[in-house]
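The structure appears right after this line, and notes come after that.
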Number of protein chains: 2
Amino acid sequence: MLEFRTGLRRFVHWSEQAAAAAGLSPAVHQLLLAVRGSSTPGGPTIGELADSLVVKHHTAVEAVDRAQRAGLVVREGDAQDLRVVRVRLTEAGHARLNDLTAQHLDELARLAPSFAGLWANLDSAGHTGHTGYTGHAEDAEDARAAD
Amino acid sequence: MLEFRTGLRRFVHWSEQAAAAAGLSPAVHQLLLAVRGSSTPGGPTIGELADSLVVKHHTAVEAVDRAQRAGLVVREGDAQDLRVVRVRLTEAGHARLNDLTAQHLDELARLAPSFAGLWANLDSAGHTGHTGYTGHAEDAEDARAAD
DNA sequence: TGTGTTTATATCGTCATACGATATGCATCC
DNA sequence: GGATGCATATCGTATGACGATATAAACACA
């Protein structure tokens, strides 16, 4: 489990470094990914982005602010519902993102095999008596091993 | 890929909520896990912890400071090398951590199946022509799909 | 033994980012 | 056509990460 956590951290950390090297803050990078990954016609709304990034909407607002200031996305008002704002990638945004995506696919391909093994372990660990949370510290040694 | 990222985020976010509910800041929670997970006899050093958490050593120092102030770990000087400090969990630290670990195993067991599927996809995506990073934005559509 | 280099830990100031509380404007529904 | 609710935006605050820097012990070696 510690191994799993550390592996995850290493990937996230690596990803942030790569983004920084391309001149993107981690948050903006994630935002661009979320915008590109959206399947909503006309582009995602702020609320959808917040959901996708698992943050509150005002956090998404700030990320869009920064990305827009950097010229990577644009806000576009929705014609139907004047409350909603749709976010679209600019050409610059696309270009910046494509550079990073290729690198990420490579890195993930490199990591996937080791992670797959860890998942298998976690999966079986989950079926060996830990499915009932008691709130007590009855089996510290067992927990430590699993972790 | 966006799905993968979002899933990861959801897990991390969930984990932070669970830690907060137990009165632990995310950083301290991760620190306790790293201390417990260490196999170094006598307990991990600050440097080992920093490595395990994938942060700079002064970031680990701060986390240990906070955890120590909360009574969850103690610093112990090394007898051999007077420069190094070893970190050990207190009883309170163990107790707090055990509460959380049981929950985490449950949650991971719940998530493992869906993640396993995503890994399989990523694994194959990595072997279909993306192993050479060109630095150009030649195949935006392909990248978007993979992401 | 003395001096320079490396290693481990700690301190300081700063920055990015997330949050809660709150505000504003538009939509929708009796 | 008010009441109610939702999408977006603003403000102040807290956490946590970093680079630069400091201190002290260990080590290397003349």
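In what follows, chains carry the letters A, B, and so on, assigned in the order in which the sequence lines appear, proteins first and then strands, with residues in each chain numbered from 1. Values below: all heavy atoms of this structure, side chains included; hydrogens, waters and symmetry mates excluded. Owing to the predicted nature of the structure, the values given are computational and were not obtained by experimental measurement.
Judged by distance alone with a 3.5 Å cut-off, no donor-acceptor contact links the side chain of Gln80(A) to the base of dC26(C). With hydrogens and angles left out, the side chain of Arg83(A) and the base of dT8(D) share no donor-acceptor pair within 3.5 Å.
As rounded to whole Å, 16 Å separates atom C1' of dT9(C) from atom CD of Glu76(B). The CG-P distance, from Asp78(B) to dT7(C), rounds to 17 Å in whole Å. What separates CD of Gln30(A) from P of dT17(C) is a distance of 11 Å, to the nearest Å. Protein atom CD of Glu16(A) is 11 Å distant from nucleotide atom C1' of dT17(C), rounded to whole Å. What separates CG of Leu31(B) from C1' of dA17(D) is a distance of 15 Å, to the nearest Å. dT8(D) atom C1' lies 8 Å from atom CZ of Arg75(A), rounded to whole Å. Rounded to whole angstrom, the span from the CG atom of Leu24(A) across to the C1' atom of dA16(C) amounts to 14 Å. Spacing between atom CD of Glu62(A) and atom P of dC19(C) amounts to 9 Å, rounded to whole angstrom units.
At dG16(D), none of the side-chain N or O atoms of Thr59(B) fall inside 4.0 Å of OP1 or OP2 (strictly under the cut-off). An OP1 or OP2 oxygen of dG16(D) is reached within less than 4.0 angstrom by a side-chain nitrogen or oxygen of Arg66(B).
Here Ser25(A) lies in heavy-atom contact (under 4.0 Å) with sugar-phosphate atoms only. Arg86(B) comes within 4.0 angstrom of no nucleic acid atom, judged by non-hydrogen atoms across all strands. Contact annotation for Glu48(B): no contact, since no heavy-atom pair falls under 4.0 Å across all strands.
At least one donor-acceptor pair closer than 3.5 Å links the side chain of Thr6(A) to the backbone N or O of Ser52(B). Under the 3.5 Å distance criterion, the side-chain polar atoms of Thr90(A) are matched with a main-chain donor or acceptor of Gly71(A).
With DNA chain C read from its 5' end, the first of the two nearest nucleotides for Lys56(A) and Val61(B) is the one closest to Val61(B). The residue among Asp81(B) and His57(A) whose nearest nucleotide of DNA chain D is located toward the 5' end is His57(A).
When distances run from any side-chain atom of Val84(A) to the nucleotides dA7(D), dA8(C), dC18(D), the shortest one goes to dA7(D). When distances are taken from the side chain of His58(B) to each of dT11(C), dA17(D), dG20(C), the shortest belongs to dT11(C).
To the nearest 0.5 Å, the span separating NE2 on His104(B) from CG on Leu97(B) amounts to 9.5 Å.
Side chains of Ser15(B) and Arg10(B): no donor on one and acceptor on the other come within 3.5 Å.
Using a cutoff of 4.0 Å between basic side-chain nitrogens and carboxylate oxygens, Asp81(A) and Arg86(A) are not scored as salt-bridged.
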